[in-house]
Colleague: 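One structure, as structure tokens, below. Some questions next.
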Amino acid sequence: MTTSVNISQNAERSSPAGLQTERRIAWLTLVFGSAASAGTAFAGSRLWAAGLLIGAVLAWLNFRWLRRGLDALVAASAAHAGAEKPRVPLGAYFGALFRYGLIALSVYAIFRILQVPLASMVVGMCALAAAAIAASVYELFQSK
């Protein structure tokens, strides 16, 4: 049975440039979310600032969980490479559904209990997209 440590080690050996890009996207997500939150707090809207930061953290968690799930799928497909009908582990499907369900439940609870605006959390989650774009542009300029 393959552990998550083995999966991560295999991913590191297979594509160090890809791993660096993944790490860059992860920390840029938090940087962009924190910067947007700090700017919004400075402008005077603390609830929106909290929502931006919460959204960025949730996007970061989603990205991390997505990476773990994809690493598990790659390991499973490598294990079933010679099989005529490869099987995807049931846990992979559960992990994907659980990830989105947990994020949706967290957003709902924060919205209902803390009264943080829903739109601010959604905009905060866009920090992941901004980080992916920034990392892609960086990679384009690094390759030249």
Side-chain angles (χ1 to χ4, degrees), residues 1-43 45-140 142:
M1 183 169 172
T2 306
T3 64
S4 62
V5 173
N6 292 341
I7 293 169
S8 295
Q9 289 171 351
N10 289 340
E12 286 178 25
R13 277 185 249 135
S14 65
S15 176
L19 185 63
Q20 285 180 335
T21 302
E22 288 177 1
R23 288 180 180 163
R24 188 174 295 115
I25 291 171
W27 68 262
L28 279 174
T29 300
L30 295 175
V31 167
F32 288 164
S34 298
S37 178
T40 304
F42 184 71
S45 182
R46 292 187 189 269
L47 280 178
W48 259 82
L52 288 171
L53 188 59
I54 289 167
V57 169
L58 287 173
W60 176 79
L61 282 171
N62 183 40
F63 182 71
R64 301 275 300 176
W65 291 337
L66 178 64
R67 178 176 180 230
R68 285 181 49 199
L70 289 176
D71 286 347
L73 283 176
V74 168
S77 67
H80 297 287
E84 184 176 316
K85 190 174 181 184
R87 293 182 9 210
V88 176
L90 186 61
Y93 294 116
F94 177 74
L97 290 174
F98 179 74
R99 183 179 77 231
Y100 290 121
L102 184 61
I103 289 172
L105 182 65
S106 300
V107 167
Y108 178 75
I110 292 166
F111 172 71
R112 295 291 288 173
I113 296 169
L114 299 178
Q115 303 296 313
V116 173
L118 184 60
S120 66
M121 288 185 278
V122 171
V123 171
M125 288 182 195
C126 292
L128 178 60
I133 291 168
S136 298
V137 168
Y138 177 80
E139 289 298 324
L140 285 173
Q142 281 295 96

Colleague: Measure the spacing between CD1 of Ile54 and CG of Leu114 and express it to the nearest 0.5 Å.
Modeller: 6.5 Å
Colleague: Give, for atom CG of Leu128 and atom CG of Leu30, the distance between the pair rounded to the nearest 0.5 Å.
Modeller: 10.0 Å
Colleague: For the residue pair Val116 and Gly51, what are the closest heavy atoms and their distance?
Modeller: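 Looks like CG1-CA, 3.3 Å.
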Colleague: A side-chain contact here means heavy atoms from C-beta on lying under 4.5 Å apart; do Asn62 and Met125 qualify?
Modeller: no
Colleague: Can you check whether Leu19 reaches Glu22 side chain to side chain, under 4.5 Å on heavy atoms?
Modeller: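 In contact.
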Colleague: Heavy atoms only: give me the nearest Ser37-Ala49 pair and the separation to one decimal.
Modeller: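 Scanning both residues completely, I find the closest heavy atoms to be OG-O, 2.8 Å.
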Colleague: Identify the two heavy atoms, one from Ala36 and one from Thr40, that lie closest to each other, and give their separation to 0.1 Å.
Modeller: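 Nearest pair, atom of Ala36 first, then Thr40: O-OG1, 2.8 Å.
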Colleague: Identify the two heavy atoms, one from Gly33 and one from Ala127, that lie closest to each other, and give their separation to 0.1 Å.
Modeller: N-CB, 4.0 Å
Colleague: Only counting residues at least two apart or in another chain, list the ones meeting salt bridge (charged side-chain N to carboxylate O under 4.0 Å, His left out) with Arg99.
Modeller: none
Colleague: Restricting to non-hydrogen atoms, name the atom on Ile25 and the atom on Ala135 that form the minimum distance, rounded to 0.1 Å.
Modeller: CG1-CB, 3.5 Å
Colleague: Starting at CZ of Phe98, measure out to CG of Leu105 and round the result to the nearest 0.5 Å.
Modeller: 9.5 Å
Colleague: Taking all heavy atoms of Leu53 and all of Ser34, pick out the closest pair and write down the distance.
Modeller: CD1-OG, 3.8 Å
Colleague: In chain order, what residues pass the side chain to side chain contact (heavy atoms under 4.5 Å, CB included) check against Phe111, with sequence neighbours excluded?
Modeller: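 Here the qualifying residues are Leu118, Met121.
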Colleague: Out of curiosity, Trp65 CH2 to Ile103 CD1, how far, rounded to the nearest 0.5 Å?
Modeller: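 Between Trp65 CH2 and Ile103 CD1, I get 5.5 Å after rounding to 0.5 Å.
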